[in-house]
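Heads up: the structure comes next, in structure tokens.
Residue numbers start at 1 and run along the sequence shown.
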Amino acid sequence: MNVIIHALLHVPLIRDTLLLSNYTGKEPELLKRFATLSKKLWNSRLFKAQVSPHDFLQEVTRVSAGKFKIMQQGDPVDFLGWLLNTLHKDAGGSKRRNSSMIYSAFQGELRLDTQFVTVKDELSGHMASARPEFDIDREIKSAKSPFLFLAIDLPPPPLFQDAVAKENFIPQVNIYTLLEKYDGTSAQEFAGHLKRFKCLRLPPYIILHFRRFTKNFFSTAGTTRDKANTAWRITLRPPPSDAGKEEEWISIQDLIVKKEQKEMILLGETVLQIWERQDLVRQTPPGGPKVNQAMDVDVDA
């Protein structure tokens, strides 16, 4: 849960809203404690070098009815989804766009096109091994859907381990290739349907979830990772203090903080990434402190 707290509190729009908040009314206790934790974390005059999230995590355990516990490690993706929806509701959010700080920061919009798969023989020129494609002469159903993060499918590992070097057992794929799933032209087949996704609107900060954990009841020991025993780590890019200073990254795992090489960040087994749009016009909120908003986050397994 710590990696998700760090990730959200380093997103400028979420951070600034919490720092400028003054929750003294009937707001839900989870929202109040999250704002208090944010103010402690970003307090430049803090006496101690560390901040304890114990009060906030206690409220998380209570509100989630024990689903997320302090002493029990869980899936950060499940916790992120729950926390985003809970904070959105607690902040007075609705189904409308930009109705809360969560929707303003992370909500985008997709178009989903679906079509029934028809079986075609080789005489029609469509081989069984050909890539699935939509038939423009048949009905295509389209629907728009909002999203808070995008799921990225990773290619499966090679069937034979000795086909490649052991250090390259999992092939490296460019992120632009993985994002082709949402270009509106790449089709995928699911349960007798063809589906394709088109990203209609990008949020200011987009969360990418890389699907690394899959259920496989036939795998042998050692070929899949145990999610419950995975050590989670977050990698952050602090705002530069000097214009000419070289970009630095740091990784945080429990109480261990160390520097990371920029070139090695994207080579790790990333599960979550938060990207900031470059075309954003960064403005200081009215009456708020002038802060550097440059921050990238990356959650590794």
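Between Y205 and F106, the angle of the ring planes goes over 60°, which puts this pair in the perpendicular group of the 30/60° scheme. Using a 30° and 60° split on the angle between ring planes, F79 and W82 fall in the parallel class, below 30°.
With sequence neighbours excluded, the residues satisfying salt bridge (charged side-chain N to carboxylate O under 4.0 Å, His left out) with E29 are R33. Considering only residues two or more places apart in sequence or on other chains, R111 meets the salt bridge (charged side-chain N to carboxylate O under 4.0 Å, His left out) condition with D113.
In this structure, a donor-acceptor pair under 3.5 Å is present between the side chains of Q115 and R138. Side-chain contact of T177 with N174: a donor-acceptor pair under 3.5 Å is absent, judged by distance alone. Between the side chains of N22 and T24, not a single donor N or O lies within less than 3.5 Å of an accepting N or O. Side-chain contact check for S100 and H88: at least one donor-acceptor pair (N or O, by modelled atom type) lies under 3.5 Å.
Between atom CD1 of residue I152 and atom NZ of residue K181 there is a gap of 7.0 Å, rounded to the nearest 0.5 Å. How far CG of L202 is from CG of L110: 9.0 Å, rounded to the nearest 0.5 Å. Note that OH of Y182 is 8.0 Å distant from CZ of F147, once rounded to the nearest 0.5 Å. The CZ atom of R211 sits 5.0 Å away from atom CG of D153, with the distance rounded to the nearest 0.5 Å.
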Exercise. Given the rule in the side-chain contact (heavy atoms from CB on, under 4.5 Å) test, do M71 and T61 qualify, once you have shown the distances and angles that lead to the verdict?
Worked result: CA-CA 10 Å; M71 302 303 296; T61 302; over 6 Å; no
Problem set entry | Intermediate values then yes/no, side-chain contact (heavy atoms from CB on, under 4.5 Å), M101 and L13 | CA-CA 7 Å; M101 61 178 177; L13 198 153; 4.2 Å; yes
For this session: Starting from the C-alpha separation in whole Å, work towards a yes-or-no answer on side-chain contact (heavy atoms from CB on, under 4.5 Å) for D55 and L37.
Result: CA-CA 9 Å; D55 292 341; L37 179 60; over 6 Å; no
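Across all their heavy atoms, L18 and K39 have their closest contact at O-CE, 3.3 Å. Here the closest non-hydrogen pair linking A105 and P203 is O-CB, 3.6 Å. In this structure, L9 and S38 approach most closely via the heavy-atom pair CD2-CB, 3.6 Å. Annotation for A7 and V11: closest pair O-CG2, 3.4 Å, computed over non-hydrogen atoms. When all heavy atoms of P12 and E276 are compared, the pair lying nearest together is CG-OE2, 4.3 Å. Closest of all the heavy-atom pairs between A91 and L31 is CA-CD2, 4.0 Å.
Taken together through direct or relayed side-chain contacts under 4.5 Å among Ile, Leu, Val, Met, Phe, Trp and Tyr, W275 and L154 form part of one hydrophobic cluster. Both V51 and I70 are members of a single hydrophobic cluster when ILVMFWY side chains are connected at heavy-atom separations under 4.5 Å.
The neighbour count for K89 NZ, taken as heavy atoms of other residues, nucleotides or ligands under 6.0 Å away, does not exceed 12.
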